[in-house]
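Here the structure comes first, spelled out in structure tokens, and everything after it is commentary.
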Amino acid sequence: MPDVLRLDRVWKGYRSGATGPRTLRSSIVGGDLVRRMRAPLHWALRDVSLTLGAGESLGIVGRNGAGKSTLLRLASQLGRPTRGALEVHPDTASVLNLGASFDLQLTGRENAYTAALVAGFTAAETRRLLPEALAFAELEDFADAPVRTYSDGMKLRLAFGVVAVRRPALLVLDEVLAVGDVGFRRKCEDRIAEMREEGTSLVLVSHSADEVVGNCDRAVWLQRGEVRATGEAEVVVERYEEAARAETLARTPAGLGHHRFGSQEVRIESVRVRPTEVRGGGPLDLELDLASERAIGFPLATVQLRREADEELVVDASTGAPGVVVEDLDERGTLRVRVERLDLVPGRYALDVGVYAPDWAYAFDFHWEAAMITVTGPTGGKGVLVPPVRWSSRAA
């Protein structure tokens with residue numbers, strides 16, 4: 001079958017420009033245009049080649065600045081390579097930066113309508129599919145509110161809702177599954193699986209290794225704009241994570257403790273969990289006290305829950321996810337996170353927390369099994385997730 005995406009020795013470069021406001025006059029008279037043309041290129045991608053066939057799925061992993069977002073923008077037909085050849089199927093749908101293309105002054109309904117028209121639907125098709133898109137996004141009650149009033153989670157719902165009714169040939173996703181509640185993430189994953197069964201190809205960037213392995217056949221590891229490894233998703237992700245683990249262990253001081261690793265440039269001095277016993281569907285609050293010898297800045301941190309019985313990762317939250325905004329910290333500070341609904345089956349879960357170098361290169365401080373959490377509630381189901389379910393019946 002024909003490829004839906006092909007990059008052949010692609011390079012993508014950007015020139016550093018002059019600072020300050022730019023006008024046509026300043027560009028010509030002031031020489032700004034000439035200076036920009038003479039500025040050296042910063043290469044975001046270097047000699048990248050890859051292909052994606054119909055129905056295949058590809059995950060992209062790498063540190064911040066590795067070139068992942070640049071590759072996704074090219075795959076979304078938002079720009080052209082500086083060198084090399086790029087071919088993208090015309091029926092491509094993307095969800096990048098939490099629907100950054102939305103007009104914040106328009107309502108959710110108006111934005112969804114416009115997005116469907118831009119995607120190629122006729123006006124009649126758009127009117128027919130719009131209720132389905134809003135229903136998938138669970139935004140029927142907020143459809144006529146301006147998008148500027150939406151939370152990041154609501155923007156994600158709207159963006160994915162429009163894509164969910166499209167069934168494109170190629171779907172491009174940038175970290176979108178990291179935002180939103182557990183139930184909606186599972187809903188998105190189910191819809192992605194349906195699309196793949198119907199032949200949609202997938203390109204996915206995610207901080208979560210489980211999401212890449214669970215949704216992708218193959219993976220590419222980018223490092224400084226170059227392909228470091230490519231192949232089966234599980235193998236590539238393991239190589240990528242092993243490199244970060246090796247760097248972390250190399251920087252871990254001797255005698256730090258069996259359950260703690262990292263360079264200690266930033267330290268997690270205490271972890272508070274409230275409550276340590278929570279009924280399924282209830283909230284969970286966490287606080288991490290951080291300390292450093294210098295200003296911490298934006299803390300890149302993760303909170304993970306693993307089911308004790310089988311080590312399955314059930315929660316993976318990160319401040320590095322799109323839309324997450326927390327204050328910069330000085331030498332000391334507290335990072336707070338709330339899991340709004342812990343829709344998990346009853347059992348014991350281990351809490352792992354970590355704070356990392358800005359590019360995820362290694363851990364500043366990682367606490368394995370920092371706490372144990374017990375989830376209570378009725379038993380009888382299998383799996384991990386226990387979402388709110390409503391049953392009904394109607395006699396024939």
Side-chain angles (χ1 to χ4, degrees), residues 1-12 44-45 47-62 67-102 112-123 125-126 128-129 132-133 136 156 159-177 188-206 211-212 214-220 222 227 230-233 236:
M1 288 188 290
D3 296 330
V4 296
L5 176 66
R6 185 176 72 86
L7 283 77
D8 184 12
R9 307 200 68 176
V10 163
W11 293 66
K12 182 62 177 178
L45 293 177
D47 202 24
V48 174
S49 296
L50 60 88
T51 59
L52 185 67
E56 294 182 337
S57 55
L58 178 71
I60 304 174
V61 298
K68 304 188 300 297
S69 295
T70 299
L71 195 155
L72 288 196
R73 288 183 61 83
L74 292 179
S76 302
Q77 304 177 84
L78 300 174
R80 302 294 301 173
T82 307
R83 302 177 189 168
L86 169 70
E87 295 180 9
V88 184
H89 196 288
D91 184 15
T92 296
S94 303
V95 183
L96 309 178
N97 299 324
L98 290 178
S101 61
F102 289 152
Y113 190 91
T114 302
L117 290 177
V118 170
F121 287 111
T122 66
E125 289 172 330
T126 298
R128 178 174 57 84
L129 293 173
E132 181 184 347
F136 183 92
L156 165 64
F160 199 91
V162 175
V163 168
V165 299
R166 280 196 54 190
R167 304 296 196 274
L170 174 61
L171 178 62
V172 181
L173 302 176
D174 186 5
E175 289 279 12
V176 299
L177 299 181
C188 291
E189 290 169 352
D190 290 343
R191 183 56 61 94
I192 291 170
E194 291 176 9
M195 290 181 175
R196 291 194 57 200
E197 289 177 1
E198 295 172 0
T200 294
S201 301
L202 173 68
V203 176
L204 170 69
V205 164
S206 175
E211 284 179 3
V212 172
N215 289 286
C216 301
D217 307 314
R218 296 185 292 120
V220 171
L222 290 179
V227 174
T230 182
E232 184 181 346
V236 172

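- In this structure, Arg218 and Leu50 have side chains that are not in contact, with every pair of non-hydrogen atoms separated by 4.5 Å or more.
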Check your understanding: Going through the distances and angles, do Val227 and Leu222 end up as a side-chain contact (heavy atoms from CB on, under 4.5 Å)?
Key -> CA-CA 5 Å; Val227 174; Leu222 290 179; 4.0 Å; yes

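- Remark: Leu171 CG to Arg191 CZ distance equals 11.5 Å, nearest 0.5 Å.
- One N or O on the side chain of Ser49 and one on the backbone of Arg9 form a donor-acceptor pair closer than 3.5 Å.
- No side-chain donor-acceptor contact under 3.5 Å links Asp8 to the backbone of Ala85.
- Counting only distance, with no hydrogens or angles, the side chain of Ser201 and the backbone of Gly55 share a donor-acceptor pair below 3.5 Å.
- Between the Lys68 side chain and the Gly62 main chain, a donor and an acceptor come within less than 3.5 Å of each other.
- The CH2 atom of Trp11 sits 10.5 Å away from the OG1 atom of Thr82 when rounded to the nearest 0.5 Å.
- No side-chain heavy atom of Leu173 sits less than 4.5 Å from a side-chain heavy atom of Val163.
- In this structure, the side chain of Thr51 does not engage the main chain of Arg6 through any donor-acceptor pair within 3.5 Å.
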Review point. Under the side-chain contact (heavy atoms from CB on, under 4.5 Å) criterion, do Asp217 and Leu202 qualify, and how do the steps go?
Key: CA-CA 10 Å; Asp217 307 314; Leu202 173 68; over 6 Å; no

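- In this structure, Arg128 CZ and Thr122 OG1 are separated by 8.0 Å, a value rounded to the nearest 0.5 Å.
- At a threshold of 4.5 Å between non-hydrogen side-chain atoms, the residues Val48 and Val220 do not count as touching.
- Of the possible polar contacts, one joining the Arg167 side chain to the Ala164 backbone as a donor-acceptor pair under 3.5 Å is found.
- Comment: Arg73 does not engage Asp174 in a salt bridge, judged by the lack of any side-chain N to carboxylate O separation of less than 4.0 angstrom.
- Separation of atoms CZ (Arg196) and SG (Cys216) is listed at 7.0 Å; rounding is to 0.5 Å.
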